[in-house]
Amino acid sequence: MAEAAAAMGATSVTAAGAVFEGVAIDSRAVRGGELFFALPGERTDGHRYVRSALAAGAAAAVVERSTEAPAESVLIQVPDTFQALHDLTRAVRKQVPERLVAITGSAGKTTTKELLAAMLKRRFRVAKSPGNLNNLYGFPLALLNIPDDTEWMVAEMGMSTPGELREISRLGRPEVAMLLNVRPAHLEFFGTLDAIAEAKAEILDGLQPGGIIVANANDRQVCRVVLRHLETTASREVPCRVVWFGYPATVEPPVPQIETEADGAPPTRPTLDASVHEVEPLRGKRPGSRFRMRLGSRDVAVKLPLIGSHNIANALAAAACAFALGVDVKDIAAVLGDVRPVAGRGEVHKLKLGATLVDDSYNSNPEAAISALEGVAALSGKRRWAVLGEMRELGPETERFHREVGGQAAEAGYSPIAGVGEEAKALVAGAKAGGAAAKWFKDAAAAAKWAVGQVTEGDVVLVKGSRGVALEEVVSALRQKDADEAGGKA
């Protein structure tokens with residue numbers, strides 16, 4: 001405890017000899033032995049929960065001021081608890097983990113993280129950031145709670161404002177930085193794809209000398225910022241290495257990037273270190289894709305039970321990184337063949353009433369929506385329809401993006417199409433213009449009532465929307481109807 005207190009610049013410590021295992025910033029998450037940080041917030045103040053955290057078994061509490069606590073409690077007072085959390089993270093990172101992979105991108109971070117962690121486990125002791133703990137609060141929590149013997153940590157790093165990712169990367173000091181893609185997912189706050197790309201590029205600021213960059217060669221914005229980084233760091237004594245992944249120059253990705261005026265001309269496509277070839281649908285109980293993957297000079301057949309071309313890109317990114325870190329291609333293919341979708345990210349439910357429900361409700365942006373529509377369209381069924389929630393944080397081009405997605409859904413044969421949320425009115429208009437039956441709903445609850453009356457035997461149903469639309473309510477309603485009908489038949 002004394003070492004931790006010193007790292008945090010403590011002004012007083014009531015019992016420096018105590019020890020702790022892990023950290024917590026929510027008293028409800030305390031399981032025993034943690035260091036509880038009393039962080040101030042807009043809605044509440046962690047100091048109000050110090051007593052609860054200690055009663056639940058926290059080894060000590062980090063506070064900014066005198067706080068009521070049980071007798072003999074260990075309190076570490078610091079000038080700023082948020083800063084102290086970061087100071088402790090920097091100190092621990094010098095010892096644990098041995099090495100770290102940081103992943104950023106507008107989409108696919110969690111799926112890529114899960115795939116890469118499973119691949120690296122074939123050779124190393126691996127930890128990963130749980131859920132989407134990827135901001136200036138979540139990343140320190142994730143790192144400070146991993147086992148002491150971790151050889152590789154696989155961590156997401158996200159951002160919502162300029163400068164945030166730079167701070168996170170400097171906390172993590174990764175040996176490997178992965179840039180998956182730059183999409184119009186934060187245009188409301190950044191204005192252009194160029195600005196989003198600049199914010200994503202901040203992950204390179206913390207990359208250790210001689211580190212590895214794993215980058216998407218099919219994404220023009222990723223190419224731009226990575227090539228610029230190579231140019232500006234060329235004089236360094238220990239330069240970084242880039243591992244490029246993507247579709248070959250002779251093959252265009254099946255779902256092209258949605259353009260904005262800020263894109264500019266694409267740079268020359270780099271030579272690929274990892275690529276996919278001969279892609280075709282994988283049908284059956286676990287639908288997805290089959291393809292050949294080339295990693296360096298090695299070539300391997302892959303069956304990927306995840307729907308959509310975006311998941312092929314996620315799989316390739318993870319494989320490119322794992323191969324660069326020494327994992328054998330056979331182990332990589334085995335992991336991909338055994339993967340299961342992350343909850344709400346392309347889960348396929350075979351309903352007892354004879355319909356197929358694809359739950360991709362966790363989040364959405366224009367390209368992710370089009371990729372999901374393309375992937376689900378490959379599934380066989382009598383009728384294909386969708387519940388599509390509004391896509392948020394798209395800025396002034398929100399209406400155009402929604403119209404395009406609605407039109408793409410109609411073109412892919414989805415009908416009827418439900419649009420959910422205020423911005424989805426344009427999606428419904430685009431779907432109708434494309435010839436599909438379409439209906440608008442104010443919220444997920446209204447859409448759920450409609451959906452349970454729609455589903456019949458032989459249907460293929462896609463549910464996708466931004467996190468804030470809460471379309472998991474539609475998924476739950478459809479699955480509940482299925483369970484009720486199955487119970488009635490029994």
Side-chain angles (χ1 to χ4, degrees), residues 101-113 115-116 156-159 165 176-187 190-204 207 212-231 240-276 279 293 308-321 324 363-372 374-375 391 393-394 397 401 404:
V101 178
I103 304 174
T104 198
S106 300
K109 292 187 294 295
T110 299
T111 297
T112 304
K113 175 195 68 181
L115 292 174
L116 178 58
E156 295 182 42
M157 290 187 179
M159 56 84 187
L165 189 50
V176 181
M178 300 181 68
L179 284 87
L180 303 181
N181 46 57
V182 176
R183 303 290 187 258
H186 301 289
L187 284 176
F190 290 90
T192 67
L193 278 185
D194 283 346
I196 296 173
E198 295 303 323
K200 294 295 183 188
E202 291 174 5
I203 197 171
L204 302 176
L207 183 65
I212 298 173
I213 303 172
V214 180
N216 185 349
N218 296 136
D219 189 302
R220 64 181 64 191
Q221 292 285 2
V222 169
C223 289
R224 180 176 67 81
V225 297
V226 170
L227 292 173
R228 184 188 64 200
H229 181 80
L230 291 178
E231 183 178 343
C240 63
R241 168 192 169 198
V242 181
V243 175
W244 294 101
F245 69 89
Y247 288 85
T250 56
V251 180
E252 286 301 319
V255 179
Q257 181 172 325
I258 290 179
E259 307 291 347
T260 72
E261 293 180 359
D263 279 351
T268 301
R269 185 177 297 182
T271 301
L272 295 176
D273 301 287
S275 58
V276 292
V279 180
M293 180 180 288
S309 59
H310 59 296
N311 278 317
I312 297 176
N314 295 337
L316 182 59
C321 184
N363 214 340
S364 189
N365 63 53
E367 288 183 50
I370 291 173
S371 183
E374 167 259 336
M391 301 170 290
E393 301 180 3
L394 296 180
E397 295 194 87
F401 285 135
E404 288 184 9

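Numbering starts at 1 and runs along the sequence shown.
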Steps toward side-chain contact (heavy atoms from CB on, under 4.5 Å) verdict (Met159, Ile196): CA-CA 10 Å; Met159 56 84 187; Ile196 296 173; 4.1 Å; yes
Residues that Arg241 engages under salt bridge (charged side-chain N to carboxylate O under 4.0 Å, His left out), provided they are two or more places apart: none
Heavy-atom pair of closest approach, residues Arg228 and Ala201: NH2-CB, 4.2 Å
Beyond-backbone contact of His229 with Cys240, side-chain heavy atoms, under 4.5 angstrom: yes
Check: Phe245 and Asn216 side chains under 4.5 Å, non-hydrogen atoms: yes
Ala217 versus Pro270, closest heavy-atom pair with distance: CB-CD, 4.0 Å
Spacing of Ile312 atom CD1 and Met293 atom CE [to the nearest 0.5 Å]: 9.0 Å
For the student: nearest non-hydrogen atoms of Leu394 and Pro366, plus distance: CD2-CD, 3.8 Å
Closest heavy-atom pair and its distance - Ala215, Val242: CB-CG1, 4.4 Å
Step-by-step side-chain contact (heavy atoms from CB on, under 4.5 Å) determination, Met178 to Leu116: CA-CA 11 Å; Met178 300 181 68; Leu116 178 58; 3.8 Å; yes
Check: Leu179 and Leu204 side chains under 4.5 Å, non-hydrogen atoms: yes
Closest heavy-atom pair and its distance - Ala324, Val243: CB-CG2, 4.0 Å
Close side-chain approach of Glu374 to Ser309, heavy-atom, < 4.5 Å: yes
Check: Ser106 and Lys200 side chains under 4.5 Å, non-hydrogen atoms: yes
Side chain proximity check, Glu198 to Arg224, heavy atoms < 4.5 angstrom: yes
Donor-acceptor contact below 3.5 Å, side chain Asp219 vs main chain Val182: yes
Residue that, paired with Cys321, satisfies side-chain contact (heavy atoms from CB on, under 4.5 Å) out of Thr112, Ile103, Val214, Leu115: Val214
His310 side, atom NE2; Asn181 side, atom CG - distance, nearest 0.5 Å: 10.5 Å
Leu316 side chain near Tyr247 side chain, heavy-atom distance below 4.5 Å: no
Distance-minimising heavy-atom pair for Thr104 and Met157: OG1-O, 2.9 Å
For Lys113, salt bridge (charged side-chain N to carboxylate O under 4.0 Å, His left out) partners two or more places apart: Glu156
